[in-house]
Amino acid sequence: MVGSQQTAPFDYIIFGATGDLTMRKLIPGLYNQLRIGHIPKDARIIGTARSHHTREEFIELAHQALDRFIPEVNKDEAIICEFLKKIDYVVLDGTKSDSNWKELGSKLNKAPDDRVRVFYYSTAPHLFGSISKNLSEHKLITKESRVVLEKPIGTDSASANEINESVSRYFSEHQIYRIDHYLGKETVQDITAIRFANPFMGAVWSHEYIQSIQITAAETVGVEGRASYYDTSGALRDMIQNHLLQILSLCAMEAPNSLEADDVRNAKVAVLKALRPIKGESIRNETMRAQYTKGGIGDQPVPGYLEELGHDSNTETYALMRAYVDTPRWKDVPFYLRTLKRSTVKVSEVVVTFKPSANGVFKHRAGLNKLVIRLQPNEGLELFLNAKDPSSPIFSFQQLPLSGKFATVDGSPIPDSYERLMLDVVRDDPTLFIRRDEVEAAWAWVEPTLQAWAEDKVPMEHYAAGSRGPIAAKTFIAKTGDEWHENMKL
Ligand code: BG6
(Lines give C-alpha, C1' and ligand atoms only; values in the text may rest on other atoms or scores of the structure.)
Protein backbone atom coordinates (compact mmCIF):
# COMPACT_ATOMS: atom_id res chain seq x y z
CA MET A 1 0.00 0.00 0.00
CA VAL A 2 1.36 3.45 -0.84
CA GLY A 3 0.03 6.04 1.57
CA SER A 4 -0.49 9.63 0.52
CA GLN A 5 1.62 10.71 3.50
CA GLN A 6 4.73 8.82 2.46
CA THR A 7 7.95 10.56 3.48
CA ALA A 8 11.07 11.22 1.43
CA PRO A 9 13.68 8.41 1.51
CA PHE A 10 15.66 8.39 4.74
CA ASP A 11 18.28 6.65 6.84
CA TYR A 12 17.41 6.26 10.51
CA ILE A 13 20.51 5.67 12.61
CA ILE A 14 19.70 4.57 16.14
CA PHE A 15 22.32 4.87 18.88
CA GLY A 16 21.50 2.53 21.76
CA ALA A 17 19.85 0.14 19.33
CA THR A 18 19.82 -2.89 21.60
CA GLY A 19 18.11 -1.01 24.44
CA ASP A 20 14.59 -1.29 25.75
CA LEU A 21 13.22 1.87 24.09
CA THR A 22 14.43 0.80 20.65
CA MET A 23 12.86 -2.62 20.95
CA ARG A 24 9.65 -1.56 22.67
CA LYS A 25 8.86 1.65 20.76
CA LEU A 26 11.20 2.60 17.90
CA ILE A 27 11.33 -0.66 15.92
CA PRO A 28 7.59 -1.40 16.31
CA GLY A 29 6.79 2.25 15.50
CA LEU A 30 8.75 2.22 12.25
CA TYR A 31 7.23 -1.13 11.29
CA ASN A 32 3.74 0.24 11.78
CA GLN A 33 4.50 3.29 9.67
CA LEU A 34 5.71 1.01 6.89
CA ARG A 35 2.53 -1.06 7.25
CA ILE A 36 0.32 1.99 6.73
CA GLY A 37 2.35 3.12 3.75
CA HIS A 38 4.21 6.10 5.18
CA ILE A 39 7.72 4.73 4.70
CA PRO A 40 9.25 4.65 1.22
CA LYS A 41 10.75 1.52 -0.31
CA ASP A 42 14.40 2.47 0.01
CA ALA A 43 14.39 3.74 3.61
CA ARG A 44 17.06 2.20 5.83
CA ILE A 45 17.29 1.64 9.57
CA ILE A 46 20.79 1.24 10.96
CA GLY A 47 21.13 0.18 14.57
CA THR A 48 24.36 0.91 16.40
CA ALA A 49 25.47 -0.17 19.85
CA ARG A 50 28.54 -1.50 21.59
CA SER A 51 27.19 -5.08 21.78
CA HIS A 52 28.73 -7.46 19.31
CA HIS A 53 26.00 -8.66 17.00
CA THR A 54 26.01 -9.56 13.35
CA ARG A 55 23.41 -7.94 11.12
CA GLU A 56 21.46 -11.23 11.15
CA GLU A 57 21.49 -11.39 14.95
CA PHE A 58 20.24 -7.83 15.25
CA ILE A 59 17.48 -8.50 12.73
CA GLU A 60 16.48 -11.48 14.85
CA LEU A 61 16.26 -9.21 17.92
CA ALA A 62 14.11 -6.77 15.96
CA HIS A 63 11.90 -9.64 14.79
CA GLN A 64 11.38 -10.77 18.38
CA ALA A 65 10.52 -7.17 19.35
CA LEU A 66 7.83 -7.07 16.63
CA ASP A 67 6.44 -10.38 17.86
CA ARG A 68 6.23 -9.03 21.38
CA PHE A 69 5.11 -5.47 20.92
CA ILE A 70 2.97 -5.36 17.77
CA PRO A 71 -0.73 -6.12 18.34
CA GLU A 72 -1.84 -9.31 16.54
CA VAL A 73 -4.18 -7.39 14.20
CA ASN A 74 -1.22 -5.41 12.85
CA LYS A 75 1.01 -8.40 12.13
CA ASP A 76 1.49 -9.08 8.45
CA GLU A 77 4.23 -11.57 7.56
CA ALA A 78 4.96 -10.06 4.15
CA ILE A 79 5.36 -6.57 5.60
CA ILE A 80 7.43 -7.85 8.52
CA CYS A 81 9.74 -9.49 5.98
CA GLU A 82 9.97 -6.29 3.93
CA PHE A 83 10.63 -4.29 7.11
CA LEU A 84 13.42 -6.54 8.37
CA LYS A 85 15.23 -6.23 5.04
CA LYS A 86 15.62 -2.50 5.71
CA ILE A 87 17.53 -3.13 8.92
CA ASP A 88 21.28 -3.09 9.29
CA TYR A 89 23.64 -3.03 12.28
CA VAL A 90 27.04 -1.57 13.09
CA VAL A 91 28.96 -2.41 16.25
CA LEU A 92 29.97 1.05 17.42
CA ASP A 93 30.91 2.89 20.57
CA GLY A 94 29.51 6.32 19.79
CA THR A 95 31.65 7.96 22.44
CA LYS A 96 34.98 6.77 21.00
CA SER A 97 36.56 8.56 18.10
CA ASP A 98 38.48 5.44 16.97
CA SER A 99 35.44 3.16 16.96
CA ASN A 100 33.87 1.69 13.85
CA TRP A 101 32.82 5.03 12.24
CA LYS A 102 34.30 3.99 8.92
CA GLU A 103 31.82 1.18 8.53
CA LEU A 104 28.89 3.42 9.46
CA GLY A 105 30.21 6.07 7.06
CA SER A 106 30.62 3.67 4.16
CA LYS A 107 27.03 2.48 4.59
CA LEU A 108 25.64 6.01 4.84
CA ASN A 109 27.71 7.36 1.98
CA LYS A 110 26.19 4.87 -0.41
CA ALA A 111 23.14 7.13 -0.46
CA PRO A 112 23.11 10.56 -2.13
CA ASP A 113 24.13 13.52 0.03
CA ASP A 114 20.70 15.07 0.09
CA ARG A 115 19.04 12.04 1.63
CA VAL A 116 17.47 12.65 5.05
CA ARG A 117 19.64 11.30 7.89
CA VAL A 118 18.15 10.99 11.34
CA PHE A 119 20.47 10.25 14.26
CA TYR A 120 18.33 9.01 17.13
CA TYR A 121 20.11 9.13 20.51
CA SER A 122 18.44 6.48 22.60
CA THR A 123 21.32 6.55 25.06
CA ALA A 124 22.15 8.17 28.37
CA PRO A 125 22.03 11.97 27.86
CA HIS A 126 25.61 12.55 29.05
CA LEU A 127 26.74 10.75 25.87
CA PHE A 128 24.92 13.09 23.48
CA GLY A 129 27.82 15.51 23.22
CA SER A 130 30.53 12.98 22.45
CA ILE A 131 28.39 11.13 19.89
CA SER A 132 27.71 14.46 18.13
CA LYS A 133 31.41 15.32 18.18
CA ASN A 134 32.35 11.99 16.64
CA LEU A 135 29.66 12.26 13.97
CA SER A 136 31.07 15.65 13.08
CA GLU A 137 34.72 14.53 13.12
CA HIS A 138 33.87 11.67 10.79
CA LYS A 139 31.98 14.04 8.51
CA LEU A 140 28.69 12.22 8.83
CA ILE A 141 26.54 15.28 9.54
CA THR A 142 25.11 16.47 6.24
CA LYS A 143 22.79 19.41 5.53
CA GLU A 144 19.84 17.04 5.64
CA SER A 145 20.81 15.52 8.99
CA ARG A 146 18.69 15.76 12.13
CA VAL A 147 19.25 14.54 15.63
CA VAL A 148 16.66 13.27 18.12
CA LEU A 149 17.38 13.70 21.82
CA GLU A 150 15.58 11.47 24.29
CA LYS A 151 14.65 12.77 27.72
CA PRO A 152 15.81 13.43 30.37
CA ILE A 153 17.57 16.53 29.06
CA GLY A 154 19.57 17.02 32.24
CA THR A 155 18.65 16.89 35.89
CA ASP A 156 18.58 20.67 36.40
CA SER A 157 19.16 23.88 34.43
CA ALA A 158 22.95 23.63 34.50
CA SER A 159 23.17 20.03 33.27
CA ALA A 160 20.44 20.65 30.65
CA ASN A 161 22.42 23.62 29.43
CA GLU A 162 25.56 21.54 29.20
CA ILE A 163 23.81 18.85 27.15
CA ASN A 164 22.20 21.40 24.85
CA GLU A 165 25.52 23.20 24.37
CA SER A 166 27.40 20.01 23.66
CA VAL A 167 24.98 19.06 20.88
CA SER A 168 24.52 22.52 19.43
CA ARG A 169 28.24 22.77 18.71
CA TYR A 170 27.59 20.33 15.86
CA PHE A 171 23.90 20.68 15.01
CA SER A 172 21.96 23.90 14.59
CA GLU A 173 18.74 24.36 16.59
CA HIS A 174 16.53 23.60 13.59
CA GLN A 175 18.23 20.18 13.28
CA ILE A 176 17.67 19.27 16.95
CA TYR A 177 14.50 17.39 17.89
CA ARG A 178 13.96 17.04 21.65
CA ILE A 179 11.34 14.40 22.10
CA ASP A 180 8.55 14.48 24.68
CA HIS A 181 6.44 11.50 23.75
CA TYR A 182 3.36 13.00 25.43
CA LEU A 183 3.22 15.58 22.64
CA GLY A 184 2.96 12.73 20.14
CA LYS A 185 -0.12 11.34 21.85
CA GLU A 186 -3.05 12.06 19.59
CA THR A 187 -5.21 12.81 22.61
CA VAL A 188 -2.78 15.43 23.91
CA GLN A 189 -3.14 17.17 20.56
CA ASP A 190 -6.89 17.05 21.16
CA ILE A 191 -6.42 19.71 23.84
CA THR A 192 -5.53 22.14 21.07
CA ALA A 193 -8.32 20.89 18.82
CA ILE A 194 -10.98 21.15 21.52
CA ARG A 195 -9.92 24.62 22.58
CA PHE A 196 -9.45 26.27 19.22
CA ALA A 197 -11.79 24.42 16.86
CA ASN A 198 -14.90 24.87 19.02
CA PRO A 199 -15.86 28.53 19.34
CA PHE A 200 -18.10 27.94 22.36
CA MET A 201 -15.19 26.33 24.21
CA GLY A 202 -12.93 29.24 23.35
CA ALA A 203 -15.55 31.60 24.76
CA VAL A 204 -15.43 30.08 28.25
CA TRP A 205 -11.71 29.22 28.33
CA SER A 206 -10.47 31.73 30.92
CA HIS A 207 -10.60 32.70 34.58
CA GLU A 208 -14.03 34.20 34.02
CA TYR A 209 -15.55 30.72 33.75
CA ILE A 210 -12.88 28.26 34.82
CA GLN A 211 -12.31 27.58 38.51
CA SER A 212 -9.40 25.13 38.28
CA ILE A 213 -7.63 22.65 36.03
CA GLN A 214 -6.37 19.30 37.30
CA ILE A 215 -3.72 17.54 35.24
CA THR A 216 -3.06 14.00 36.41
CA ALA A 217 -0.81 11.19 35.20
CA ALA A 218 -1.33 8.19 37.47
CA GLU A 219 0.36 4.90 36.72
CA THR A 220 -0.15 1.48 38.28
CA VAL A 221 3.42 0.46 37.44
CA GLY A 222 6.28 1.03 39.85
CA VAL A 223 9.86 1.65 38.82
CA GLU A 224 10.12 -1.72 37.04
CA GLY A 225 13.69 -2.39 35.88
CA ARG A 226 14.57 1.31 35.96
CA ALA A 227 15.26 1.80 39.65
CA SER A 228 18.81 3.05 39.14
CA TYR A 229 17.60 5.82 36.81
CA TYR A 230 14.40 6.56 38.70
CA ASP A 231 16.00 6.86 42.09
CA THR A 232 18.21 9.68 40.81
CA SER A 233 15.23 11.33 39.16
CA GLY A 234 11.94 11.08 41.05
CA ALA A 235 8.44 11.98 39.95
CA LEU A 236 9.00 15.72 39.61
CA ARG A 237 11.90 15.40 37.16
CA ASP A 238 10.51 12.31 35.45
CA MET A 239 6.99 13.54 34.70
CA ILE A 240 6.24 17.12 35.78
CA GLN A 241 9.25 19.00 34.38
CA ASN A 242 8.42 17.67 30.92
CA HIS A 243 5.15 15.86 30.20
CA LEU A 244 2.81 17.63 32.63
CA LEU A 245 4.22 21.09 32.01
CA GLN A 246 3.78 20.51 28.29
CA ILE A 247 0.13 19.59 28.87
CA LEU A 248 -0.29 22.68 31.04
CA SER A 249 1.19 24.82 28.25
CA LEU A 250 -1.28 23.44 25.74
CA CYS A 251 -4.17 24.08 28.12
CA ALA A 252 -3.08 27.62 28.92
CA MET A 253 -1.46 29.00 25.76
CA GLU A 254 -2.97 31.82 23.74
CA ALA A 255 -4.10 30.87 20.24
CA PRO A 256 -0.95 30.50 18.15
CA ASN A 257 -0.81 32.59 14.97
CA SER A 258 -0.63 29.38 12.97
CA LEU A 259 0.10 25.71 13.47
CA GLU A 260 3.68 26.28 12.29
CA ALA A 261 6.26 24.92 14.72
CA ASP A 262 7.59 28.26 15.89
CA ASP A 263 4.20 29.84 16.39
CA VAL A 264 3.03 26.92 18.55
CA ARG A 265 6.28 26.82 20.49
CA ASN A 266 6.27 30.58 21.03
CA ALA A 267 2.77 30.29 22.50
CA LYS A 268 3.82 27.43 24.81
CA VAL A 269 7.02 29.03 26.02
CA ALA A 270 5.10 32.21 26.86
CA VAL A 271 3.06 30.11 29.32
CA LEU A 272 6.13 28.52 30.88
CA LYS A 273 7.67 31.94 31.36
CA ALA A 274 4.46 33.27 32.92
CA LEU A 275 4.34 30.56 35.59
CA ARG A 276 4.30 32.20 39.00
CA PRO A 277 7.57 31.21 40.70
CA ILE A 278 7.19 28.75 43.55
CA LYS A 279 10.01 29.53 45.90
CA GLY A 280 10.89 30.21 49.53
CA GLU A 281 8.02 29.71 51.95
CA SER A 282 5.47 29.06 49.21
CA ILE A 283 7.11 25.70 48.39
CA ARG A 284 5.63 24.16 51.54
CA ASN A 285 2.14 25.33 50.60
CA GLU A 286 2.19 24.76 46.87
CA THR A 287 3.99 21.42 46.54
CA MET A 288 3.71 17.95 48.00
CA ARG A 289 5.82 14.84 47.64
CA ALA A 290 5.34 11.25 48.75
CA GLN A 291 6.63 7.70 48.46
CA TYR A 292 4.60 4.50 48.18
CA THR A 293 4.72 1.94 50.94
CA LYS A 294 3.65 -1.66 50.59
CA GLY A 295 0.10 -2.34 49.51
CA GLY A 296 -1.71 -4.14 46.71
CA ILE A 297 -2.97 -3.57 43.20
CA GLY A 298 -5.93 -5.75 42.24
CA ASP A 299 -5.28 -8.96 44.18
CA GLN A 300 -1.49 -8.65 43.84
CA PRO A 301 0.53 -7.64 46.90
CA VAL A 302 3.03 -4.91 46.03
CA PRO A 303 6.18 -4.06 48.03
CA GLY A 304 6.96 -0.49 49.04
CA TYR A 305 9.40 1.65 47.07
CA LEU A 306 12.20 1.27 49.62
CA GLU A 307 11.76 -2.51 49.72
CA GLU A 308 11.93 -2.65 45.92
CA LEU A 309 15.03 -0.51 45.99
CA GLY A 310 16.72 -2.41 48.79
CA HIS A 311 18.08 0.73 50.43
CA ASP A 312 16.93 3.98 51.95
CA SER A 313 15.99 6.81 49.61
CA ASN A 314 14.66 10.32 49.62
CA THR A 315 13.21 10.06 46.12
CA GLU A 316 9.53 10.83 45.60
CA THR A 317 7.24 8.54 43.62
CA TYR A 318 4.40 11.06 43.91
CA ALA A 319 4.58 14.77 43.15
CA LEU A 320 1.92 17.43 43.32
CA MET A 321 2.23 21.12 42.50
CA ARG A 322 -0.24 23.98 42.41
CA ALA A 323 0.72 26.27 39.56
CA TYR A 324 -0.57 29.70 38.56
CA VAL A 325 -0.09 31.25 35.15
CA ASP A 326 0.25 34.98 35.62
CA THR A 327 -1.47 36.21 32.49
CA PRO A 328 -4.75 38.14 32.27
CA ARG A 329 -6.52 35.00 30.97
CA TRP A 330 -5.57 32.85 33.95
CA LYS A 331 -5.84 35.31 36.80
CA ASP A 332 -5.67 33.21 40.02
CA VAL A 333 -6.81 29.94 38.43
CA PRO A 334 -4.97 27.02 40.07
CA PHE A 335 -3.53 24.33 37.81
CA TYR A 336 -2.83 21.13 39.76
CA LEU A 337 -0.04 18.97 38.40
CA ARG A 338 -0.13 15.51 39.92
CA THR A 339 1.70 12.31 39.09
CA LEU A 340 2.25 9.03 40.90
CA LYS A 341 3.54 5.51 40.49
CA ARG A 342 1.65 2.51 41.92
CA SER A 343 -1.71 4.19 41.74
CA THR A 344 -4.84 2.11 42.06
CA VAL A 345 -5.77 2.97 38.45
CA LYS A 346 -3.87 4.07 35.38
CA VAL A 347 -5.24 7.35 34.16
CA SER A 348 -3.90 10.45 32.44
CA GLU A 349 -6.44 13.21 32.21
CA VAL A 350 -7.17 16.90 32.26
CA VAL A 351 -10.16 17.93 34.37
CA VAL A 352 -11.45 21.44 33.82
CA THR A 353 -13.84 22.56 36.57
CA PHE A 354 -16.01 25.54 35.76
CA LYS A 355 -17.16 28.20 38.22
CA PRO A 356 -20.70 28.12 39.60
CA SER A 357 -23.22 30.31 37.93
CA ALA A 358 -22.86 33.82 39.36
CA ASN A 359 -26.43 34.96 39.30
CA GLY A 360 -28.59 32.21 37.86
CA VAL A 361 -31.82 31.14 39.52
CA PHE A 362 -30.25 27.76 40.22
CA LYS A 363 -27.10 29.21 41.69
CA HIS A 364 -27.23 27.28 44.94
CA ARG A 365 -28.65 24.03 43.69
CA ALA A 366 -26.78 23.06 40.55
CA GLY A 367 -23.40 21.28 40.60
CA LEU A 368 -20.26 22.46 38.87
CA ASN A 369 -19.78 21.85 35.17
CA LYS A 370 -16.72 19.82 34.31
CA LEU A 371 -14.91 18.90 31.16
CA VAL A 372 -12.75 15.78 31.36
CA ILE A 373 -10.25 15.17 28.57
CA ARG A 374 -9.12 11.58 29.06
CA LEU A 375 -5.69 11.21 27.51
CA GLN A 376 -5.29 7.50 28.30
CA PRO A 377 -6.61 4.85 28.60
CA ASN A 378 -10.26 4.96 27.37
CA GLU A 379 -9.31 8.03 25.37
CA GLY A 380 -12.26 10.38 25.15
CA LEU A 381 -14.14 13.32 26.46
CA GLU A 382 -16.83 13.84 29.08
CA LEU A 383 -18.73 17.02 29.69
CA PHE A 384 -20.76 17.08 32.89
CA LEU A 385 -23.86 19.24 32.60
CA ASN A 386 -26.62 19.88 35.09
CA ALA A 387 -29.95 18.35 34.22
CA LYS A 388 -33.18 18.09 36.15
CA ASP A 389 -33.67 14.94 38.18
CA PRO A 390 -36.93 13.58 36.69
CA SER A 391 -37.87 11.80 39.92
CA SER A 392 -38.28 15.09 41.73
CA PRO A 393 -41.27 17.45 41.30
CA ILE A 394 -39.09 20.45 42.12
CA PHE A 395 -35.87 21.51 40.44
CA SER A 396 -33.24 19.26 41.87
CA PHE A 397 -30.33 18.34 39.70
CA GLN A 398 -28.26 15.48 38.51
CA GLN A 399 -24.97 15.67 36.66
CA LEU A 400 -25.43 14.40 33.15
CA PRO A 401 -22.24 13.24 31.43
CA LEU A 402 -22.08 13.79 27.68
CA SER A 403 -19.33 11.56 26.49
CA GLY A 404 -17.53 10.54 23.36
CA LYS A 405 -14.50 8.46 22.49
CA PHE A 406 -11.51 9.75 20.59
CA ALA A 407 -11.42 7.22 17.78
CA THR A 408 -9.94 7.32 14.31
CA VAL A 409 -12.43 8.08 11.55
CA ASP A 410 -11.64 4.79 9.79
CA GLY A 411 -11.74 2.68 12.98
CA SER A 412 -7.99 1.90 12.94
CA PRO A 413 -6.15 1.87 16.30
CA ILE A 414 -4.83 5.25 17.53
CA PRO A 415 -1.13 5.29 16.51
CA ASP A 416 1.49 5.18 19.24
CA SER A 417 3.08 8.53 20.02
CA TYR A 418 6.62 7.48 19.07
CA GLU A 419 5.81 6.35 15.56
CA ARG A 420 4.21 9.63 14.65
CA LEU A 421 7.05 11.66 16.13
CA MET A 422 9.73 9.57 14.44
CA LEU A 423 8.35 10.40 11.02
CA ASP A 424 7.74 14.06 11.92
CA VAL A 425 11.52 14.27 12.18
CA VAL A 426 11.92 12.92 8.66
CA ARG A 427 9.27 15.39 7.47
CA ASP A 428 11.24 18.15 9.17
CA ASP A 429 8.29 19.17 11.31
CA PRO A 430 9.39 20.09 14.85
CA THR A 431 5.95 21.32 16.01
CA LEU A 432 5.59 18.48 18.51
CA PHE A 433 9.15 18.70 19.82
CA ILE A 434 10.56 20.86 22.58
CA ARG A 435 12.60 23.92 21.75
CA ARG A 436 15.62 24.74 23.87
CA ASP A 437 13.98 27.75 25.52
CA GLU A 438 11.08 25.53 26.64
CA VAL A 439 13.46 23.12 28.37
CA GLU A 440 15.17 26.04 30.06
CA ALA A 441 11.95 27.69 31.23
CA ALA A 442 10.62 24.38 32.60
CA TRP A 443 13.80 23.69 34.57
CA ALA A 444 13.90 27.25 35.89
CA TRP A 445 10.39 26.86 37.29
CA VAL A 446 10.84 23.45 38.99
CA GLU A 447 14.35 24.03 40.28
CA PRO A 448 13.60 25.82 43.59
CA THR A 449 11.19 23.00 44.47
CA LEU A 450 13.75 20.33 43.58
CA GLN A 451 16.24 22.04 45.79
CA ALA A 452 13.86 22.48 48.72
CA TRP A 453 12.85 18.82 48.48
CA ALA A 454 16.48 17.73 48.37
CA GLU A 455 17.04 19.75 51.54
CA ASP A 456 14.01 18.10 53.17
CA LYS A 457 12.19 21.40 53.56
CA VAL A 458 8.93 19.71 52.58
CA PRO A 459 7.96 16.57 54.51
CA MET A 460 7.88 13.26 52.66
CA GLU A 461 4.31 11.91 52.82
CA HIS A 462 3.45 8.25 52.28
CA TYR A 463 0.72 6.33 50.49
CA ALA A 464 0.01 2.65 50.13
CA ALA A 465 0.74 1.10 46.74
CA GLY A 466 -2.66 0.66 45.11
CA SER A 467 -4.16 3.84 46.56
CA ARG A 468 -4.76 7.29 45.07
CA GLY A 469 -1.86 8.99 46.81
CA PRO A 470 -1.32 10.49 50.26
CA ILE A 471 -4.42 11.49 52.13
CA ALA A 472 -2.87 14.93 52.81
CA ALA A 473 -3.51 15.78 49.14
CA LYS A 474 -7.16 16.19 50.10
CA THR A 475 -6.43 19.13 52.39
CA PHE A 476 -3.91 20.44 49.88
CA ILE A 477 -6.55 20.89 47.19
CA ALA A 478 -9.24 22.01 49.64
CA LYS A 479 -7.13 25.08 50.50
CA THR A 480 -8.20 26.54 47.18
CA GLY A 481 -11.79 25.32 47.50
CA ASP A 482 -11.39 22.38 45.08
CA GLU A 483 -11.66 18.63 45.31
CA TRP A 484 -10.19 15.86 43.23
CA HIS A 485 -12.23 14.55 40.35
CA GLU A 486 -14.04 11.31 41.10
CA ASN A 487 -11.81 8.51 39.77
CA MET A 488 -8.84 9.84 41.71
CA LYS A 489 -10.79 11.22 44.65
CA LEU A 490 -9.31 10.79 48.09
C1 BG6 B 1 8.29 8.34 30.81
C2 BG6 B 1 8.72 8.21 32.24
O3 BG6 B 1 8.75 9.54 30.26
O4 BG6 B 1 6.87 8.31 30.74
C5 BG6 B 1 8.16 6.93 32.86
O6 BG6 B 1 10.14 8.20 32.31
C7 BG6 B 1 6.67 6.87 32.69
O8 BG6 B 1 8.51 6.83 34.23
C9 BG6 B 1 6.28 7.11 31.23
O10 BG6 B 1 6.24 5.58 33.10
C11 BG6 B 1 4.79 7.23 31.08
O12 BG6 B 1 4.47 7.23 29.73
P13 BG6 B 1 3.05 6.73 29.25
O14 BG6 B 1 3.05 7.00 27.79
O15 BG6 B 1 2.97 5.28 29.60
O16 BG6 B 1 2.05 7.53 30.01
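With sequence neighbours excluded, no residue satisfies salt bridge (charged side-chain N to carboxylate O under 4.0 Å, His left out) with E419. For K346, there are no salt bridge (charged side-chain N to carboxylate O under 4.0 Å, His left out) partners at least two apart in sequence or on another chain. Residues passing the salt bridge (charged side-chain N to carboxylate O under 4.0 Å, His left out) test with K185: none are found, sequence neighbours excluded. The side-chain contact (heavy atoms from CB on, under 4.5 Å) search around P401 returns E382, F384, not counting sequence neighbours. Applying the ring-ring contact (aromatic ring centres under 6.0 Å, His included) test to Y230 and every residue at least two apart in sequence or in another chain returns nothing. For F433, the ring-ring contact (aromatic ring centres under 6.0 Å, His included) test picks out Y177, with sequence neighbours left out.
Atoms CG and CG, on L381 and L375 in that order, are 10.5 Å from each other to the nearest 0.5 Å. For the atom pair CD of E349 and CD1 of I247, the computed distance is 11.0 Å after rounding to the nearest 0.5 Å. Rounding to the nearest 0.5 angstrom, the gap separating the CD1 atom in I36 from the CD atom in Q6 is 11.5 Å.
Heavy-atom contacts from other residues, nucleotides or ligands closer than 6.0 Å to NZ of K96 number 12 or fewer. Taking a 6.0 Å sphere around CD of E137, one finds it holds more than 12 heavy atoms contributed by other residues, nucleotides or ligands.
Relative ring orientation between H243 and Y182 is described as parallel, the plane-to-plane angle staying below 30° on a 0-90° scale split at 30° and 60°.
Listed by first then second residue, pairs satisfying ring pair (Phe, Tyr, Trp, His ring centres under 6.0 Å) with a partner in residues 139-169 number zero, not counting sequence neighbours. Every pair passing salt bridge (charged side-chain N to carboxylate O under 4.0 Å, His left out) that includes a residue from residues 186-196 is listed here, sequence neighbours excluded: E186-R420. For residues 400-430, the pairs satisfying ring pair (Phe, Tyr, Trp, His ring centres under 6.0 Å) are H181-Y418, with sequence neighbours left out. The ring pair (Phe, Tyr, Trp, His ring centres under 6.0 Å) pairs that include a residue from residues 62-84 are Y31-F83, where partners are two or more places apart or lie in different chains. Sorted by first and then second residue, the salt bridge (charged side-chain N to carboxylate O under 4.0 Å, His left out) pairs with a member in residues 50-63 read R55-D88; sequence neighbours excluded.
Annotation: Y89 is in aromatic contact with H53 [ring centroid separation under 6.0 Å].
Using modelled atom types and a 3.5 Å distance limit, the side chains of S467 and Y292 yield no donor-acceptor pair.
A donor-acceptor contact shorter than 3.5 Å is absent between the side chain of D263 and the backbone of L259.
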Side chains of residues 214-221: which donor-acceptor pairs under 3.5 Å do they make with residues two or more places apart or in other chains?
residue : atom : partner : partner atom : Å
Q214    : OE1  : H485    : N            : 3.1
Q214    : NE2  : E483    : O            : 2.9
T216    : OG1  : R338    : NE           : 3.3
T216    : OG1  : R338    : NH2          : 3.0
E219    : OE1  : K341    : NZ           : 2.8

